[in-house]
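In what follows, a structure is listed as C-alpha coordinates, so that the remarks can point back to it.
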2 protein chains.
Amino acid sequence: MTDAAPRLDQMLCFALYSANGAMNRAYKPALDALGLTYPQYVTLVALWERDGRTVGQLGEALFLESNTLTPLLKRMEAAGLVRRQRDPEDERQVRVFLTDDGRAMQARAADVPTRMLKALGCDAEAIAALATEVTAARDRVVGAKAA
Amino acid sequence: MTDAAPRLDQMLCFALYSANGAMNRAYKPALDALGLTYPQYVTLVALWERDGRTVGQLGEALFLESNTLTPLLKRMEAAGLVRRQRDPEDERQVRVFLTDDGRAMQARAADVPTRMLKALGCDAEAIAALATEVTAARDRVVGAKAA
DNA sequence: TAAATTTATATCGTGGACGACATGATCGTG
DNA sequence: CACGATCATGTCGTCCACGATATAAATTTA
(Lines give C-alpha, C1' and ligand atoms only; values in the text may rest on other atoms or scores of the structure.)
Protein backbone atom coordinates (compact mmCIF):
# COMPACT_ATOMS: atom_id res chain seq x y z
CA MET A 1 0.00 0.00 0.00
CA THR A 2 2.69 2.41 1.05
CA ASP A 3 4.96 1.17 -1.72
CA ALA A 4 6.38 4.46 -2.93
CA ALA A 5 7.15 4.90 -6.59
CA PRO A 6 10.74 3.72 -6.80
CA ARG A 7 13.32 6.29 -7.79
CA LEU A 8 16.38 5.18 -9.65
CA ASP A 9 18.80 7.18 -7.51
CA GLN A 10 17.50 5.63 -4.30
CA MET A 11 17.56 1.99 -5.38
CA LEU A 12 20.47 -0.06 -4.09
CA CYS A 13 20.10 -2.49 -6.97
CA PHE A 14 20.53 0.31 -9.47
CA ALA A 15 23.47 1.75 -7.55
CA LEU A 16 25.13 -1.68 -7.79
CA TYR A 17 24.12 -2.16 -11.42
CA SER A 18 25.44 1.20 -12.57
CA ALA A 19 28.54 1.13 -10.37
CA ASN A 20 29.42 -2.31 -11.70
CA GLY A 21 29.09 -1.03 -15.25
CA ALA A 22 31.22 2.00 -14.45
CA MET A 23 33.92 -0.18 -12.90
CA ASN A 24 33.93 -2.45 -15.92
CA ARG A 25 34.36 0.50 -18.24
CA ALA A 26 37.17 1.83 -16.07
CA TYR A 27 38.98 -1.52 -16.07
CA LYS A 28 38.54 -2.07 -19.78
CA PRO A 29 41.53 -0.15 -21.16
CA ALA A 30 43.99 -1.86 -18.80
CA LEU A 31 42.47 -5.30 -19.42
CA ASP A 32 42.28 -4.76 -23.18
CA ALA A 33 46.01 -4.18 -23.15
CA LEU A 34 46.38 -7.64 -21.57
CA GLY A 35 43.82 -9.27 -23.88
CA LEU A 36 41.52 -10.07 -20.95
CA THR A 37 37.87 -9.44 -20.22
CA TYR A 38 36.79 -8.64 -16.68
CA PRO A 39 35.32 -12.09 -15.94
CA GLN A 40 38.50 -13.65 -17.30
CA TYR A 41 40.55 -11.40 -15.05
CA VAL A 42 38.69 -12.36 -11.89
CA THR A 43 38.94 -15.99 -12.91
CA LEU A 44 42.70 -15.58 -13.06
CA VAL A 45 42.68 -13.83 -9.66
CA ALA A 46 40.85 -16.84 -8.24
CA LEU A 47 43.35 -19.24 -9.79
CA TRP A 48 46.34 -17.21 -8.58
CA GLU A 49 44.91 -17.65 -5.09
CA ARG A 50 44.55 -21.40 -5.57
CA ASP A 51 45.40 -23.28 -8.73
CA GLY A 52 43.86 -26.53 -9.92
CA ARG A 53 40.33 -25.89 -8.72
CA THR A 54 37.39 -27.67 -10.23
CA VAL A 55 34.87 -25.80 -12.35
CA GLY A 56 32.40 -26.03 -9.49
CA GLN A 57 34.85 -24.61 -6.95
CA LEU A 58 35.66 -21.73 -9.27
CA GLY A 59 31.96 -21.10 -9.71
CA GLU A 60 31.49 -21.00 -5.95
CA ALA A 61 34.24 -18.40 -5.62
CA LEU A 62 33.00 -16.32 -8.57
CA PHE A 63 29.24 -16.81 -8.10
CA LEU A 64 28.94 -18.31 -11.57
CA GLU A 65 27.59 -21.58 -12.89
CA SER A 66 29.05 -24.06 -15.33
CA ASN A 67 26.93 -22.75 -18.17
CA THR A 68 28.80 -19.45 -17.85
CA LEU A 69 32.20 -20.80 -16.83
CA THR A 70 32.61 -23.54 -19.41
CA PRO A 71 32.69 -21.29 -22.48
CA LEU A 72 34.70 -18.67 -20.58
CA LEU A 73 37.31 -21.27 -19.58
CA LYS A 74 37.41 -22.61 -23.12
CA ARG A 75 38.22 -19.15 -24.42
CA MET A 76 40.92 -18.80 -21.77
CA GLU A 77 42.26 -22.20 -22.78
CA ALA A 78 42.29 -21.13 -26.43
CA ALA A 79 44.20 -18.01 -25.33
CA GLY A 80 46.76 -20.23 -23.63
CA LEU A 81 46.09 -19.00 -20.09
CA VAL A 82 44.73 -22.18 -18.53
CA ARG A 83 44.59 -25.92 -19.09
CA ARG A 84 41.45 -27.96 -18.36
CA GLN A 85 41.83 -31.55 -17.29
CA ARG A 86 39.41 -34.20 -16.05
CA ASP A 87 40.18 -35.28 -12.52
CA PRO A 88 41.30 -38.93 -12.72
CA GLU A 89 39.88 -39.53 -9.22
CA ASP A 90 36.42 -38.36 -10.27
CA GLU A 91 35.97 -38.04 -13.99
CA ARG A 92 32.87 -35.92 -13.58
CA GLN A 93 35.06 -33.06 -12.44
CA VAL A 94 37.26 -30.84 -14.57
CA ARG A 95 40.21 -29.17 -12.90
CA VAL A 96 41.56 -25.87 -14.18
CA PHE A 97 45.30 -25.22 -14.08
CA LEU A 98 47.24 -22.10 -14.92
CA THR A 99 49.73 -22.35 -17.77
CA ASP A 100 53.08 -20.55 -17.63
CA ASP A 101 51.42 -17.70 -19.52
CA GLY A 102 48.58 -17.64 -17.01
CA ARG A 103 51.02 -17.38 -14.13
CA ALA A 104 53.09 -14.76 -15.97
CA MET A 105 49.96 -12.67 -16.37
CA GLN A 106 49.96 -12.07 -12.62
CA ALA A 107 53.06 -9.91 -12.91
CA ARG A 108 51.77 -8.16 -16.03
CA ALA A 109 48.47 -7.34 -14.30
CA ALA A 110 50.00 -6.44 -10.95
CA ASP A 111 49.31 -2.73 -11.22
CA VAL A 112 45.71 -3.04 -12.39
CA PRO A 113 44.06 -2.89 -8.93
CA THR A 114 46.43 -0.13 -7.87
CA ARG A 115 45.36 1.96 -10.83
CA MET A 116 41.74 1.41 -9.96
CA LEU A 117 42.31 2.58 -6.40
CA LYS A 118 43.73 5.78 -7.83
CA ALA A 119 40.71 6.21 -10.07
CA LEU A 120 38.54 5.86 -6.98
CA GLY A 121 40.40 8.63 -5.17
CA CYS A 122 43.02 6.40 -3.56
CA ASP A 123 41.43 6.41 -0.10
CA ALA A 124 42.25 2.75 0.26
CA GLU A 125 40.67 2.31 3.68
CA ALA A 126 37.33 3.80 2.69
CA ILE A 127 37.31 1.63 -0.43
CA ALA A 128 38.01 -1.49 1.60
CA ALA A 129 35.24 -0.57 4.04
CA LEU A 130 32.81 -0.07 1.18
CA ALA A 131 33.83 -3.40 -0.35
CA THR A 132 33.13 -5.05 2.99
CA GLU A 133 29.67 -3.50 3.23
CA VAL A 134 28.78 -4.38 -0.35
CA THR A 135 29.97 -7.93 0.22
CA ALA A 136 27.84 -8.17 3.35
CA ALA A 137 24.80 -6.94 1.44
CA ARG A 138 25.54 -9.48 -1.28
CA ASP A 139 25.68 -12.27 1.25
CA ARG A 140 22.39 -11.18 2.80
CA VAL A 141 20.78 -11.31 -0.64
CA VAL A 142 22.29 -14.69 -1.42
CA GLY A 143 21.12 -15.99 1.95
CA ALA A 144 17.64 -14.54 1.49
CA LYS A 145 17.10 -16.72 -1.55
CA ALA A 146 17.40 -19.85 0.55
CA ALA A 147 15.13 -18.52 3.31
CA MET B 1 56.33 -2.18 -6.68
CA THR B 2 54.25 -2.76 -3.60
CA ASP B 3 51.32 -3.99 -5.68
CA ALA B 4 50.04 -6.81 -3.51
CA ALA B 5 48.55 -9.87 -5.12
CA PRO B 6 44.87 -8.95 -5.37
CA ARG B 7 42.47 -11.01 -3.35
CA LEU B 8 38.95 -11.48 -4.63
CA ASP B 9 37.31 -10.79 -1.28
CA GLN B 10 39.11 -7.44 -0.91
CA MET B 11 38.40 -6.07 -4.36
CA LEU B 12 35.63 -3.48 -4.56
CA CYS B 13 35.07 -4.27 -8.22
CA PHE B 14 34.42 -7.90 -7.39
CA ALA B 15 32.15 -6.96 -4.50
CA LEU B 16 30.10 -4.85 -6.92
CA TYR B 17 30.23 -7.49 -9.64
CA SER B 18 29.07 -10.32 -7.41
CA ALA B 19 26.55 -8.21 -5.48
CA ASN B 20 25.02 -7.05 -8.73
CA GLY B 21 24.69 -10.63 -9.90
CA ALA B 22 23.14 -11.65 -6.58
CA MET B 23 20.63 -8.79 -6.78
CA ASN B 24 19.70 -9.74 -10.31
CA ARG B 25 19.08 -13.32 -9.27
CA ALA B 26 16.99 -12.13 -6.34
CA TYR B 27 14.86 -9.87 -8.55
CA LYS B 28 14.41 -12.48 -11.23
CA PRO B 29 11.40 -14.40 -9.87
CA ALA B 30 9.38 -11.22 -9.30
CA LEU B 31 10.35 -9.77 -12.69
CA ASP B 32 9.75 -13.05 -14.50
CA ALA B 33 6.20 -12.96 -13.20
CA LEU B 34 5.83 -9.56 -14.91
CA GLY B 35 7.60 -10.64 -18.08
CA LEU B 36 10.42 -8.14 -17.50
CA THR B 37 14.18 -8.37 -17.39
CA TYR B 38 16.12 -6.22 -14.95
CA PRO B 39 17.34 -3.66 -17.52
CA GLN B 40 13.78 -3.42 -18.86
CA TYR B 41 12.52 -2.82 -15.32
CA VAL B 42 14.93 0.04 -14.63
CA THR B 43 14.09 1.51 -18.02
CA LEU B 44 10.45 1.57 -16.96
CA VAL B 45 11.40 3.14 -13.61
CA ALA B 46 13.18 5.89 -15.53
CA LEU B 47 10.16 6.42 -17.78
CA TRP B 48 7.75 6.46 -14.83
CA GLU B 49 9.85 9.31 -13.45
CA ARG B 50 9.73 11.18 -16.74
CA ASP B 51 8.01 9.98 -19.89
CA GLY B 52 8.89 10.87 -23.46
CA ARG B 53 12.66 11.01 -23.02
CA THR B 54 14.99 10.60 -25.94
CA VAL B 55 17.16 7.51 -26.25
CA GLY B 56 20.15 9.61 -25.29
CA GLN B 57 18.48 10.99 -22.17
CA LEU B 58 17.48 7.50 -21.12
CA GLY B 59 21.03 6.36 -21.67
CA GLU B 60 22.33 9.15 -19.50
CA ALA B 61 20.00 8.13 -16.69
CA LEU B 62 20.75 4.42 -17.05
CA PHE B 63 24.45 4.67 -17.96
CA LEU B 64 23.83 2.85 -21.23
CA GLU B 65 24.51 3.67 -24.88
CA SER B 66 22.26 3.47 -27.90
CA ASN B 67 23.81 0.21 -29.03
CA THR B 68 22.47 -1.37 -25.84
CA LEU B 69 19.26 0.63 -25.54
CA THR B 70 17.98 0.32 -29.08
CA PRO B 71 17.47 -3.45 -29.09
CA LEU B 72 16.23 -3.34 -25.50
CA LEU B 73 13.64 -0.68 -26.39
CA LYS B 74 12.62 -2.63 -29.47
CA ARG B 75 11.91 -5.66 -27.33
CA MET B 76 9.91 -3.50 -24.94
CA GLU B 77 8.03 -2.04 -27.90
CA ALA B 78 7.30 -5.55 -29.18
CA ALA B 79 6.02 -6.38 -25.68
CA GLY B 80 3.67 -3.40 -25.87
CA LEU B 81 5.25 -1.46 -23.00
CA VAL B 82 6.59 1.56 -24.88
CA ARG B 83 6.22 3.38 -28.15
CA ARG B 84 9.20 4.89 -30.02
CA GLN B 85 8.70 7.97 -32.12
CA ARG B 86 11.04 10.30 -34.01
CA ASP B 87 11.00 13.80 -32.61
CA PRO B 88 9.49 16.02 -35.34
CA GLU B 89 11.59 18.94 -34.08
CA ASP B 90 14.83 17.03 -34.55
CA GLU B 91 14.46 13.86 -36.53
CA ARG B 92 17.81 12.55 -35.32
CA GLN B 93 16.22 11.91 -31.94
CA VAL B 94 13.83 9.13 -30.97
CA ARG B 95 11.51 9.76 -28.05
CA VAL B 96 10.25 6.87 -25.93
CA PHE B 97 6.71 6.98 -24.54
CA LEU B 98 4.97 4.61 -22.16
CA THR B 99 1.91 2.82 -23.47
CA ASP B 100 -1.12 2.21 -21.26
CA ASP B 101 0.35 -1.22 -20.49
CA GLY B 102 3.66 0.39 -19.61
CA ARG B 103 1.95 2.76 -17.19
CA ALA B 104 -0.18 -0.05 -15.76
CA MET B 105 2.99 -2.01 -15.05
CA GLN B 106 3.88 0.56 -12.38
CA ALA B 107 1.04 -0.66 -10.18
CA ARG B 108 1.77 -4.30 -10.91
CA ALA B 109 5.43 -3.84 -9.98
CA ALA B 110 4.81 -1.60 -6.98
CA ASP B 111 5.81 -4.18 -4.40
CA VAL B 112 9.00 -5.30 -6.12
CA PRO B 113 11.38 -2.88 -4.34
CA THR B 114 9.61 -3.49 -1.04
CA ARG B 115 10.23 -7.20 -1.38
CA MET B 116 13.88 -6.58 -2.12
CA LEU B 117 14.25 -4.47 1.00
CA LYS B 118 12.88 -7.38 2.98
CA ALA B 119 15.36 -9.75 1.35
CA LEU B 120 18.13 -7.37 2.40
CA GLY B 121 17.04 -7.43 6.02
CA CYS B 122 14.62 -4.54 5.81
CA ASP B 123 16.92 -2.03 7.49
CA ALA B 124 15.83 0.60 5.01
CA GLU B 125 18.06 3.35 6.34
CA ALA B 126 21.22 1.29 6.19
CA ILE B 127 20.32 0.20 2.66
CA ALA B 128 19.77 3.79 1.58
CA ALA B 129 23.10 4.80 3.10
CA LEU B 130 24.86 1.99 1.29
CA ALA B 131 23.18 2.97 -1.98
CA THR B 132 24.42 6.52 -1.49
CA GLU B 133 27.98 5.35 -0.89
CA VAL B 134 27.95 3.02 -3.87
CA THR B 135 26.55 5.78 -6.06
CA ALA B 136 29.28 8.14 -4.88
CA ALA B 137 31.92 5.54 -5.73
CA ARG B 138 30.34 5.06 -9.14
CA ASP B 139 30.44 8.78 -9.80
CA ARG B 140 34.08 8.95 -8.78
CA VAL B 141 34.88 6.18 -11.24
CA VAL B 142 32.86 7.82 -14.00
CA GLY B 143 34.59 11.12 -13.31
CA ALA B 144 38.03 9.51 -13.24
CA LYS B 145 37.63 8.41 -16.84
CA ALA B 146 37.46 12.02 -17.96
CA ALA B 147 40.45 13.06 -15.89
C1' DT C 1 25.51 -56.31 -9.01
C1' DA C 2 21.73 -53.88 -11.61
C1' DA C 3 18.81 -50.07 -11.61
C1' DA C 4 17.68 -45.61 -9.91
C1' DT C 5 19.31 -41.37 -8.23
C1' DT C 6 22.49 -37.77 -7.63
C1' DT C 7 26.38 -34.97 -9.12
C1' DA C 8 29.55 -32.36 -12.39
C1' DT C 9 30.02 -30.47 -16.53
C1' DA C 10 28.46 -29.11 -20.99
C1' DT C 11 25.04 -27.42 -24.68
C1' DC C 12 21.51 -24.36 -26.48
C1' DG C 13 18.69 -20.29 -26.78
C1' DT C 14 17.63 -15.45 -25.22
C1' DG C 15 18.84 -11.04 -23.51
C1' DG C 16 22.37 -7.60 -22.29
C1' DA C 17 26.77 -4.75 -22.73
C1' DC C 18 30.10 -2.74 -25.52
C1' DG C 19 33.56 -1.49 -29.34
C1' DA C 20 33.70 -0.41 -34.12
C1' DC C 21 31.39 1.25 -37.66
C1' DA C 22 27.30 2.88 -40.68
C1' DT C 23 23.44 6.01 -41.71
C1' DG C 24 20.89 9.92 -41.87
C1' DA C 25 19.73 14.51 -39.89
C1' DT C 26 21.26 18.96 -38.36
C1' DC C 27 24.44 22.71 -37.86
C1' DG C 28 28.21 25.97 -39.04
C1' DT C 29 30.98 28.28 -42.02
C1' DG C 30 32.47 29.78 -46.44
C1' DC D 1 23.22 27.81 -50.69
C1' DA D 2 26.61 24.16 -50.31
C1' DC D 3 29.55 21.21 -48.11
C1' DG D 4 31.98 19.36 -44.39
C1' DA D 5 31.68 18.50 -39.46
C1' DT D 6 28.96 16.98 -35.80
C1' DC D 7 25.31 14.49 -33.61
C1' DA D 8 21.67 10.79 -32.56
C1' DT D 9 20.58 6.51 -33.46
C1' DG D 10 21.15 2.01 -35.32
C1' DT D 11 23.77 -2.42 -36.95
C1' DC D 12 27.11 -6.08 -36.32
C1' DG D 13 30.19 -9.15 -33.88
C1' DT D 14 31.96 -10.89 -29.43
C1' DC D 15 31.58 -12.07 -24.79
C1' DC D 16 28.95 -12.77 -20.59
C1' DA D 17 24.84 -14.47 -17.68
C1' DC D 18 21.29 -17.58 -16.92
C1' DG D 19 17.26 -21.00 -17.42
C1' DA D 20 16.32 -25.39 -19.28
C1' DT D 21 18.06 -29.43 -20.52
C1' DA D 22 21.50 -33.17 -21.93
C1' DT D 23 25.25 -36.42 -20.92
C1' DA D 24 28.18 -39.13 -18.45
C1' DA D 25 30.28 -40.56 -14.16
C1' DA D 26 29.70 -41.76 -9.41
C1' DT D 27 26.81 -43.20 -5.61
C1' DT D 28 22.90 -45.23 -3.49
C1' DT D 29 19.48 -48.55 -3.15
C1' DA D 30 17.13 -52.56 -4.08
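Convention: sequence-line order gives letters A, B, ...; per-chain numbering from 1.
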- Item | Under-3.5 Å donor-acceptor pair between Ser66(A) side chain and dA10(C) base | yes
Whether each nucleotide of nucleotides 14-22 of chain D has a protein heavy atom under 4.0 Å at its base (B), only at its sugar-phosphate (S) or at neither (-) is summarised, 5' to 3', as -SSBBBB--
Here the residues of residues 44-56 of chain A within 4.0 Å heavy-atom distance, strictly under, of DNA chain D are none
In whole angstroms, the gap separating C1' of dC7(D) from CZ of Arg92(B) amounts to 5 Å
note: Leu73(A), atom CG; dA8(C), atom P; distance rounded to Å ~ 16 Å
Q.
Over 60° means perpendicular and under 30° means parallel, so tell me whether Tyr17(B) and Tyr38(A) are parallel, tilted or perpendicular.
A. perpendicular
- Message: How about CD on Gln57(A), more than 12 heavy atoms from neighbouring residues, nucleotides or ligands closer than 6.0 Å, or not?
- Response: yes
**Prompt:** Within a reach of under 6.0 Å around CZ of Arg115(A), are more than 12 heavy atoms found that belong to other residues, nucleotides or ligands?
**Reply:** no
Rounded to whole Å, CE of Met23(A) lies from C1' of dA17(C) at a distance of 17 Å
Tell me whether Arg95(A) contacts the main-chain N or O of Asp87(A) through its side chain, where contact means a donor paired with an acceptor under 3.5 Å.
no
Separation of dT9(D) atom C1' from Arg84(B) atom CZ, nearest Å, is 9 Å
From CE of Met76(B) across to C1' of dG16(C) the rounded distance in Å is 13 Å
TODO: Could you check whether the rings of Trp48(B) and Tyr41(B) sit parallel, tilted or perpendicular, using 30° and 60° as the cut-offs?
DONE: perpendicular
Residues passing the salt bridge (charged side-chain N to carboxylate O under 4.0 Å, His left out) test with Asp51(B), sequence neighbours excluded, are Arg103(B)
**Message:** Using a 3.5 Å distance criterion without hydrogens, assess whether the side chain of Arg86(B) forms a donor-acceptor pair with backbone atoms of Glu91(B).
**Reply:** yes
(Q) Tell me whether the count of non-hydrogen atoms from other residues, nucleotides or ligands lying under 6.0 Å of CD in Glu49(B) goes above 12. (A) yes
message: Is Lys74(B) close enough to dT9(D) that one of its side-chain N or O atoms is under 4.0 Å from OP1 or OP2 there?
response: no
Between Asp87(B) and Asp90(A), whichever has its closest DNA chain C nucleotide further toward 5' is Asp90(A)
When every non-hydrogen atom of Met116(B) is compared with those of Met23(B), the smallest separation belongs to CE-SD, 4.1 Å
Atom CG of Leu62(B) and atom P of dG16(C) are separated, to the nearest Å, by 12 Å
note: Leu69(B), atom CG; dG10(D), atom P; distance rounded to Å ~ 9 Å
Rounded to whole Å, the CD-P distance (Gln85(A) to dA8(C)) equals 19 Å
